[in-house]
Amino acid sequence: MSFPTKMLLNLLLAVAVVATAPTAGAAELRCKVEVNADAVSNVSSDLFTELQQAISEYINNTAFTQAQFAPGERIDCQLFFTINSVDDAGNLAGTLQVQSTRPVFDSVYTTTLLNYKDNDISFGYTRGQPLVFSENSVESNLTALLDFYAYLIMAIDFDSFSPRGGSDCYDAAARVVQLARTSGEKGWRAIDDNKNRASLLAALTEPPASAIRDLIYTYHRLGLDRMSVSPDKGRAEITGALPTLQTIAQAAPMSVVLSAFRDAKLDELTGIYSKANTDERADIAAMLLSIYPTEQERIGLIKDPPQR
């Protein structure tokens, strides 16, 4: 083989390697999107059909981080928009329910990580409007909302697999809040509402409520993921971690992380403790009732599980 020919083959091989190398980042989320606008009668339904499609394509096709995700590893989540009004300028207002789940190791069970309702969202949207992702600027309040919740979903998911593993995504969510705050839209300032999206992020990342992140890891990785092998040991890890809620409640009784945990986990705890002994069930129920006094009925099912 002549020297020029060998050089050409090496060059072609190098090009082929580069062409087949994985690209930086891959879409992390597998998200079901629903837009309900039954309350709006002054706007064509085509607007909401296009909006739902645009959001779905954006959230499912955007690589928000440099992490590599195989299709089967993507995080399952749901965004349920309820549009209550559209003004003459095309500004939509309503609510957004955000949910995410993750599989439990060596089982067919999936556990809820996030079940949060944003009660005050607003954004402009017109038919055919492109949704463009940018790490360093806010292209619209709609993309800011989507970016924020994408990072939040990933942050909580990563926390559930490794101790405080979601820190980079929390930082990214904080960057979105900082950029979006200048828009003047609602929900981006924690001082305005102790349960809005900015307050939720602050609670998850600042003491004392940020201790919930350690509970998230222990509850899922050391607790649920081990229950298929040893239900008693897995449950013991969860029992040992739950007093974190009491610590948070004592220091910050109005913290939004307490209601977020309740909405994601309270019903699940009934199943977790269904096989526990009477004393353990009573102790957990008493502790939870001290934090959630209005949830007597659901917590009562932990203390006295239904007979099967």
Side-chain angles (χ1 to χ4, degrees), residues 76-78 80 82 95 97-119 156-157 159-160 194-195 199-200 203-204 208-308:
D76 287 314
C77 56
Q78 300 86 36
F80 297 100
T82 300
T95 65
Q97 188 80 37
V98 183
Q99 298 175 343
S100 70
T101 60
R102 91 161 180 64
V104 172
F105 180 73
D106 200 23
S107 77
V108 296
Y109 181 68
T110 58
T111 182
T112 299
L113 289 174
L114 178 64
N115 183 18
Y116 173 74
K117 186 176 183 181
D118 190 327
N119 285 308
I156 296 173
D157 189 86
D159 271 357
S160 79
N194 65 1
K195 294 189 181 300
S199 295
L200 176 60
L204 285 164
S210 61
I212 195 75
R213 295 180 59 190
D214 303 315
L215 170 57
I216 288 170
Y217 170 71
T218 302
Y219 183 107
H220 295 93
R221 193 71 189 97
L222 304 184
L224 286 183
D225 283 347
R226 292 182 175 179
M227 291 190 75
S228 62
V229 176
S230 177
D232 290 341
K233 289 182 179 179
R235 189 177 64 248
E237 291 284 355
I238 293 172
T239 298
L242 285 177
T244 299
L245 293 173
Q246 274 188 316
T247 302
I248 295 172
Q250 290 166 1
M254 300 302 293
S255 176
V256 64
V257 302
L258 296 172
S259 57
F261 183 90
R262 176 198 65 203
D263 294 342
K265 295 300 182 185
L266 202 53
D267 289 334
E268 181 175 77
L269 288 169
T270 301
I272 289 173
Y273 286 96
S274 62
K275 301 299 183 182
N277 62 51
T278 302
D279 290 342
E280 185 178 8
R281 293 200 310 267
D283 289 345
I284 290 297
M287 184 197 68
L288 290 173
L289 196 58
S290 71
I291 303 168
Y292 307 113
T294 63
E295 296 289 347
Q296 293 186 36
E297 183 174 351
R298 286 201 287 172
I299 293 174
L301 295 176
I302 296 174
K303 182 179 180 182
D304 298 304
Q307 299 298 316
R308 295 181 179 178

Asker: Measure the CD-NZ distance between Q99 and K117 for me, rounded to the nearest 0.5 Å.
Answerer: 11.5 Å
Asker: Is there a side chain to side chain contact (heavy atoms under 4.5 Å, CB included) between K265 and T111? Walk through the geometry before answering.
Answerer: CA-CA 8 Å; K265 295 300 182 185; T111 182; 2.5 Å; yes
Asker: Please indicate whether E295 has more than 12 foreign heavy atoms, meaning atoms of other residues, nucleotides or ligands, lying under 6.0 Å from its CD.
Answerer: yes
Asker: How close do G234 and R226 get, heavy atom to heavy atom, and via which atoms?
Answerer: CA-CB, 4.4 Å
Asker: Please enumerate all residues that pass side-chain contact (heavy atoms from CB on, under 4.5 Å) together with K233, with sequence neighbours excluded.
Answerer: S230
Asker: For D267, enumerate each residue passing the side-chain contact (heavy atoms from CB on, under 4.5 Å) test, keeping only those at least two apart in sequence or located in another chain.
Answerer: R298
Asker: Hey, does H220 have a side-chain heavy atom less than 4.5 Å from the side chain of L113?
Answerer: yes
Asker: With a 4.5 Å heavy-atom cut-off, do R102 and S160 have their side chains touching?
Answerer: yes
Asker: Sequence neighbours left out, cut at 3.5 Å: what donor-acceptor pairs do the side chains of residues 239-254 make with other protein atoms?
Answerer:
residue	atom	partner	partner atom	Å
T239	OG1	R235	O	3.0
T239	OG1	Y273	OH	2.7
T239	OG1	E280	OE2	2.9
T244	OG1	A241	O	3.0
T247	OG1	P243	O	3.4

Asker: State the CG-CD1 distance between L215 and I238, to the nearest 0.5 angstrom.
Answerer: 9.0 Å
Asker: Is the shortest side-chain heavy-atom distance between T112 and E268 below 4.5 Å?
Answerer: no
Asker: Please round to the nearest 0.5 Å and tell me the distance separating atom CZ of F80 and atom OG1 of T95.
Answerer: 11.5 Å
Asker: Please enumerate all residues that pass side-chain contact (heavy atoms from CB on, under 4.5 Å) together with D76, with sequence neighbours excluded.
Answerer: R30, T101
Asker: Let me confirm one number: the CG-NZ distance from D118 to K195, rounded to the nearest 0.5 Å.
Answerer: 13.0 Å
Asker: Which residues satisfy the side-chain contact (heavy atoms from CB on, under 4.5 Å) test with L114, sequence neighbours excluded?
Answerer: V98, S100, Y116, L152, I153, I156
Asker: Rounded to the nearest 0.5 Å, what separates atom CG in L224 from atom OG1 in T110?
Answerer: 11.0 Å
Asker: How long is the gap from CG on L204 to OG on S255, to the nearest 0.5 Å?
Answerer: 8.0 Å
Asker: If we check side chain to side chain donor-acceptor pair (under 3.5 Å) with N115, which of these qualifies: R262, Q78, Q97?
Answerer: Q97
Asker: Between D159 and R213, does any NZ, NE, NH1 or NH2 come within less than 4.0 Å of an OD or OE carboxylate oxygen?
Answerer: yes
Asker: Check residues 285-294 and write down every donor-acceptor pair under 3.5 Å in which the side-chain atom is one partner and the other belongs to a residue at least two apart or another chain.
Answerer:
residue	atom	partner	partner atom	Å
S290	OG	M287	O	2.5
Y292	OH	L258	O	2.6

